[in-house]
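All remarks here apply to the structure that follows.
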Amino acid sequence: MTQMDSVTAVLIDGPLLTLEELAGACGMRVQWVVQKVQDELLGATAGEPMSWRFGSAELTRCRRLAGIEQMFEVNQEAAAFMVDLIEEVAQLRRQLRLAQAGGPHGAAA
Amino acid sequence: MDFKDYYKVLGLAQTAAPDEVKKAYRKLARKFHPDVSKEADAATRMQDINEAYAVLSDAEKRAAYDELSRQPRDRGQFEAPRDWDGRFSDHSGDPAGASDFFANLFGQAGHAKRSPAFKMRGQDHHAGIEIELADAYHGAQRALSVQVQQIGADGHVSATQRTLDVHIPKGVKEGQQLRLATLGGAGIGGAPSGDLYLEIHFKPNAQYRTDGRDVYQQIPVAPWEAAVGASIEVPTPAGRVQVSVPAGSQTGRKLRLKGRGIPAHPPGDLYLVLEVVLPPATTERHKELYATMAREMAFDPREKMGA
């Protein structure tokens with residue numbers, strides 16, 4: 001049976017997700033996320049853990065960290081190193097596309 | 001539901017040792033990891049691979065799966081045995097967004113069968129959504145088909161196909177996440193459903209590139225417009241604009257239109273990147289005009305090369 005529902009999506013623009021929501025979205029425990037922030041592998045707003053808020057970028061990074069730790073059974077530092085490289089590659093690919101379009105790293109004005 | 005051949009997914013024989021299962025999984029994870037794979041269906045393949053590994057790497061689940069796989073099936077269709085009790089208690093490795101097959105046999109729903117008092121919020125699910133750049137400027141409605149799982153009191157998982165009319169707010173940028181509340185996995189024992197997160201990607205477009213909320217648009221201009229300057233009308237994602245091309249412009253010159261990038265507080269900027277396009281010399285008259293230029297302009301584009 002097919003239903004048609006109208007749904008409004010909430011844009012995760014800026015720090016919006018709580019610690020618990022971020023952990024849930026990554027399928028991990030809250031303490032796992034706390035450890036990542038305390039070890040500076042993941043950014044968060046200032047303050048106590050329960051007042052931390054996270055945005056889209058942290059959600060994407062956190063999911064990558066969780067995926068790599070579980071997939072390859074590596075420690076969190078190795079996972080963070082791989083995620084740093086993935087982010088670097090993504091950034092370079094964006095710069096390449098922009099350069100091809102004459103963006104900020106392309107032809108001079 | 002369809003029976004899923006997890007051994008085939010991992011490219012293994014049923015006799016594969018645990019080490020071989022792990023080795024095959026890691027090899028495929030490297031190949032199909034959506035962040036690095038160039039395969040078009042990488043995300044779907046990775047989902048299947050994770051699901052297969054969650055079962056075959058767990059001795060208890062694997063033994064139960066092997067037992068199930070020996071049961072006769074009607075043209076591939078498969079029904080869980082009536083006495084299947086969902087005996088598995090460790091769900092730490094359950095992949096998010098798993099298939100009905102997995103959810104019915106090995107997922108958290110199994111808990112509901114064992115303990116009616118068990119409550120657990122549903123898993124959050126994740127997917128990507130491709131939109132046009134214009135959607136980021138104006139907002140958009142998108143029809144999205146999702147499979148929503150429900151877990152009955154007996155722990156059985158049923159799925160309903162729902163078509164959602166999703167409102168995408170204006171101002172979104174590449175890589176941002178949208179949250180659709182309660183459209184993830186079903187909760188157990190009356191607990192709420194999880195959420196569905198959609199990661200925004202812009203459809204590839206030869207005209208536009210984005211950098212955060214800044215937008216870069218290629219604008220073809222005629223040589224005389226670039227050489228002596230001109231006022232040109234340009235269709236942009238922000239609407240038609242009249243732009244002054246400064247005299248002496250070359251290909252690659254950027255004209256910044258402040259605040260005409262993706263709308264937000266503050267909005268991004270729109271950069272028009274000029275591209276000088278030569279008119280083809282298809283008639284005698286055209287060739288004559290080029291010859292006149294060559295004669296009268298004494299222009300050597302390779303002067304700096306010492307030619």
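- If you run side chain to side chain contact (heavy atoms under 4.5 Å, CB included) between A/Val7 and each of B/Thr182, B/Leu178, B/Asp165, B/Leu183, only B/Leu183 comes through.
- A distance of 4.5 Å separates CD of A/Glu21 from CZ of B/Arg179, quoted to the nearest 0.5 Å.
- To the nearest 0.5 Å, the span separating NE2 on B/His33 from CZ on A/Arg64 amounts to 8.0 Å.
- In this structure, OG on A/Ser56 lies 5.0 Å from CD on B/Gln177, to the nearest 0.5 angstrom.
- Within a 6.0 Å radius of CD in A/Glu77, other residues, nucleotides and ligands contribute more than 12 heavy atoms.
- At distances below 3.5 Å, at least one donor-acceptor pair connects side-chain atoms of B/His126 with backbone N or O atoms of A/Ala25.
- For a residue to count as touching a neighbouring chain, one of its non-hydrogen atoms must lie under 4.5 Å from one of that chain's; by this rule B/Tyr271 does not touch chain A.
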Derivation and outcome, side chain to side chain contact (heavy atoms under 4.5 Å, CB included), residues B/Tyr197 and A/Leu17: CA-CA 12 Å; B/Tyr197 288 87; A/Leu17 298 174; 3.6 Å; yes

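- For the atom pair CG (B/Asp211) and CD (A/Gln91), the distance works out to 7.0 Å, reported to the nearest 0.5 Å.
- A/Ile86 touches chain B through its side chain: at least one heavy atom from C-beta onward sits under 4.5 Å away, while N, CA, C and O do not.
- Atom-to-atom distance recorded for B/Asp35:CG and A/Leu85:CG is 12.0 Å, nearest 0.5 angstrom.
- A 6.0 Å sphere centred on NZ of B/Lys203 holds more than 12 heavy atoms belonging to other residues, nucleotides or ligands.
- Only the backbone of B/Thr210 comes within less than 4.5 Å of a heavy atom of chain A; no side-chain atom from C-beta onward does.
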Criterion side chain to side chain contact (heavy atoms under 4.5 Å, CB included) on A/Met71 and B/Arg30, from CA distance to verdict: CA-CA 9 Å; A/Met71 266 176 212; B/Arg30 281 178 56 216; over 6 Å; no

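- Proximity to chain A (any heavy atom under 4.5 Å) is shown, for B/Asp195, by neither the backbone nor the side chain.
- A salt bridge between B/Asp124 and A/Arg63 is absent, with no side-chain N of the basic residue lying under 4.0 Å from a carboxylate O of the acidic one.
- With rounding to the nearest 0.5 Å, the separation of CG in A/Leu11 from NZ in B/Lys170 is 13.0 Å.
- Salt bridge status for A/Arg94 with B/Glu174: absent, with no side-chain N to carboxylate O gap under 4.0 Å.
- For B/Arg26, the CZ atom counts as densely surrounded, since its 6.0 Å shell holds more than 12 non-hydrogen atoms of other residues, nucleotides or ligands.
- Residue B/Arg256: no heavy atom, backbone or side chain, is found under 4.5 Å from chain A.
- Side-chain atoms of B/Gln176 and A/Ile12, non-hydrogen and from C-beta on, never get closer than 4.5 Å to each other.
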